[in-house]
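The chain is numbered in sequence order, starting from 1.
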Amino acid sequence: MENLKKRTEELRRQINDHNKAYYVDNNPSISDREFDALMRELEDIENAHPELDDPLSPTHRVGSDLTKGFDQVVHVRPMLSLSNTYSIEEVDEWAARCNEALGRKGGFDSVPVVGEMKFDGTSISLTYKNGRLVRAVTRGDGEKGDDVTENVKTIRSIPLVLAPGSWPESFEIRGEIVLPWKEFDRINAERAFNEEPLFANPRNAAAGTLKMQNPAIVASRGLDAYFYYLLADELPSENHYDNMMAAKEWGFKVSGAMTLLHSVSAVDDFIKMWDTERRTLPVATDGLVFKVNDLRQQLNLGFTAKSPRWAIAYKFPAERALTPLRFVSFEVGRMGIVTPVANLEPVLLSGTIVKRASLHNEDIMRSLDIHDGDNLYVEKGGEIIPKITGVDEGARKPGAKPIEFVTHCPACGTALTRIPGEAAWQCPDKYGCPPQIIGRLEHFVGRHMMDIDGIGEENCAMLYNAGLVKDIADFYNLKPEQLESLDRLGKRSAERIMKGIEASKSVPFDRVLYALSIPFVGETLSRKIARQVRGLDRLMELTPEQLTALEDVGPKIAESIVEFFAYEPNRAIIERLKAAGVQTSLPEEEPGETSDRLAGKTIVISGVFAKHSREEYKEMIEKNGGKNSGSISKKTSFVLAGDNMGPAKLEKAKSLGVAILNEDEFLAMLEGEGE
Ligand code: IVH
């Protein structure tokens, strides 16, 4: 008994930790299957030993995604979860249970079931009144969720106003917000480029995006939504399937996979088909859902505390392979962080060959306890990035040694230092370690930085290794002949690169600042610093106190900036960049200077912009005497519209006859053109 109690406490602690990793940090620490197994074990113990139960046990709630910064709304009907299984037999048993409970002895064939996709995103509840979207709320803890209406409105496939139809005056519709694979790949490619942590899967990316405070960024992310549950006092039909078809008519996206199934064998066939066919879908799915179709039968079956008895989720098994470890490599990034990578005997997993998988850091590598020559389990579930989930310890060769994390930089031999409070080890030789130097060269030429056409990752390494470019200022000394003499470059590439380098001299100062690779000074911060400080000369002279007085600059960043400019070779590089004609300050007269050009005007900003950030436009409006407002009314003078302006705003502006200006027109107006 004492042991059982200990196990119960251990399970609760683990589940709570995993819940936080999943719901709060958007960074799952174990696979869904492993998590489900823990939950099930705990439920079994609690059911068998009610005396061990605890009202605060994680089995008594659905995980929470509540975050600060959004208003909380209580769900009129609580949002429950689904009981789930990984076995076809258990789905069949569930069907038999439904039959039995409904007093149908004639077999499952008498209770029609709807088979549908289990979309792997983040659930949402929408409320419509009189055909208009009034509120969008996340699941939260099931009882109350976050009001994310403004963000949801940016999702193009969600109808804001319904076409005339037979919809109930007031209803709720639930569905899943998803990030299509295509968008997911695009966003991750961009994040990889910026050395930002990648989203592990579209679910995390969708959930993270929905919780962003800036609807304009949400709008740029390409979210989508599928709906699967209609709730109202008076529904159009007495069965789930027809209700969903009605919702489809009203303009909601309902998956074409939704199918009415009349027999157990049809359910089994549905599972077998979608187990492979799902790979052709544009969005991630992690299983199927089966629901009793008839609403009266649903009512009779009812709910447990957590989930409806009339539905069950079948989860697709995560694909897993066992493959021998060849070796662990230790790779050095631009910031000197050393990452352990498992190099594997190539193995086929979910249609792609896996050869490498990151072990992330020393702590994660240690917890896996990998030894030389081990066989490793690689998994690709909802995750597209392969993950090492364990070791086949039984197959370990006698005498095999545990893999140790390196103590010295594998590239330059310098002793590594551990970043205080973090799991990462770093090579401190910032300016002498080749992969760090090459990493900075690659960053410098990148699209968001100097955007030098013709030079990519491979060319940076080649130019460095040939001794032609040893630091970022060397790009500006390159001669076409030198480039042409390199093996892989012809005359045409050389010309293109020379042109690219020339063009980079007009890249504005904020991007030059970002291109310098000052630790912690990212894209957004560079823009803010540039706007406040206006030039490198001034920035280089600022004391830590003056730096921390700037917007968004804390002591850690201030220290990093001071340290960067204190290093003499960096100052020399900056002098050479300046001499080459690179922009090291913002131009004197910016359309940001004060005037009364917009006096008396009320302006609404909507959408995503290319030339300036929303914040900058707000500031420009204020500096020129205008007023910035959040919603369109008769008083609005004009809307400053970027890409992806919300359709509701567009419609409203049109109906009130409010003018819509794009950013070029607006900037021209500030310049005094076209008056
Ligand atoms: S029905 C009362 N149908 O899975 C039951 N849920 O584990 C309401 N999900 O919170 C849910 N696809 O976020 C239902 N076709 C589908 C679904 C689906 C994905 C999600 C949903 C729910 C979770 C339950």
*asked:* Just verifying a value: how many Å separate S493 OG and N459 CG, rounded to the nearest 0.5 Å?
replied: 8.0 Å
*Please round to the nearest 0.5 Å and tell me the distance separating atom OG of S83 and atom CZ of R40.*
8.5 Å
*Do you see a donor-acceptor pair shorter than 3.5 Å between the side chains of S31 and E34?*
yes
*Do M450 and R511 have side-chain heavy atoms sitting under 4.5 Å apart?*
no
*Mind telling me whether F444 and F475 have parallel, tilted or perpendicular rings, with 30° and 60° as the class edges?*
parallel
*asked:* Give me the atom names and distance for the closest heavy-atom approach of F330 to P340.
replied: CE2-CB, 3.7 Å
*For the atom pair CE (M462) and CD1 (I455), what is the distance rounded to the nearest 0.5 Å?*
9.0 Å
_Sidechain-backbone polar pair: S560 side chain, P519 backbone, donor-acceptor under 3.5 Å_ = yes
*V338 vs E331 side-chain heavy atoms within contact, under 4.5 Å*: no
*May I ask you to decide if I337's main-chain N or O and Q426's side chain share a donor-acceptor pair within less than 3.5 Å?*
no
*State yes or no: are the ring centers of F119 and Y228 separated by less than 6.0 Å?*
no
_Do Y464 and V469 make a side-chain contact, defined as non-hydrogen atoms from C-beta onward lying under 4.5 Å apart?_
no
*Polar contact flag, side-chain donor to acceptor under 3.5 angstrom, T285-D120*: no
*CA sep, side-chain torsions, deciding dist, call: R139, S123, side-chain hydrogen bond (donor to acceptor under 3.5 Å, both in side chains)*: CA-CA 6 Å; R139 175 162 112 184; S123 42; 4.5 Å; no
*Would a 4.5 Å heavy-atom cut-off, applied to side chains only, mark L416 and T407 as touching?*
no
*asked:* Are the side chains of L483 and L478 in contact, using a 4.5 Å heavy-atom criterion?
replied: yes
*If every non-hydrogen atom of L525 is compared with every non-hydrogen atom of F520, which pair is closest and at what distance?*
CD2-O, 3.7 Å
*Taking the side chain from D374 and the backbone from I370, do they hold a donor-acceptor pair closer than 3.5 Å?*
no
*Where is the tightest heavy-atom contact between A395 and N375, given as atom of each residue plus distance?*
CB-ND2, 3.8 Å
*Yes or no on salt bridge (Lys or Arg N to Asp or Glu O under 4.0 Å) for D36 and K315, after CA distance, side-chain angles and deciding distance?*
CA-CA 11 Å; D36 293 341; K315 293 241 202 149; 3.5 Å; yes
*Could you give the distance from OH (Y314) to CG (D92), rounded to the nearest 0.5 Å?*
11.0 Å
_As an exercise, state the distance from CE of M365 to CG of N361, rounded to the nearest 0.5 Å._
9.5 Å
*Is it the case that more than 12 heavy atoms not belonging to K491 sit under 6.0 Å from its NZ atom?*
no
*asked:* Quick check: do V152 and I158 have side-chain heavy atoms less than 4.5 Å from each other?
replied: yes
_Could you report the tightest heavy-atom contact between L223 and A206, atom names first, then the distance?_
CD2-CA, 4.0 Å
_Quick test of your reading of the model: are K499 and D453 salt-bridged, counting only N-O distances below 4.0 Å?_
no
_Student check: side-chain heavy atoms of V114 and T259 closer than 4.5 Å_ = no
*Quick one: closest heavy-atom pair of E362 and W425, and the distance?*
OE1-NE1, 2.6 Å
_Side-chain H-bond candidate by donor/acceptor type, S517 with R334, under 3.5 Å_ = yes
*So, Y431 and D471: side-chain donor and acceptor under 3.5 Å apart, yes or no?*
no
*Heavy-atom closest contact (V178 atom, A225 atom, distance)*: CG2-N, 4.4 Å
_I want to check something: taking the side chain as every heavy atom from C-beta on, are E41 and R7 in contact at a cut-off of under 4.5 Å?_
yes
*Does H448 reach the main-chain N or O of H443 with its side chain, forming a donor-acceptor pair under 3.5 Å?*
no
*Testing D146, T138, T122, N151 for side-chain hydrogen bond (donor to acceptor under 3.5 Å, both in side chains) with K211, which one passes?*
D146
*Test item: D275 side-chain N/O and I271 main-chain N/O as donor-acceptor pair under 3.5 Å*: no
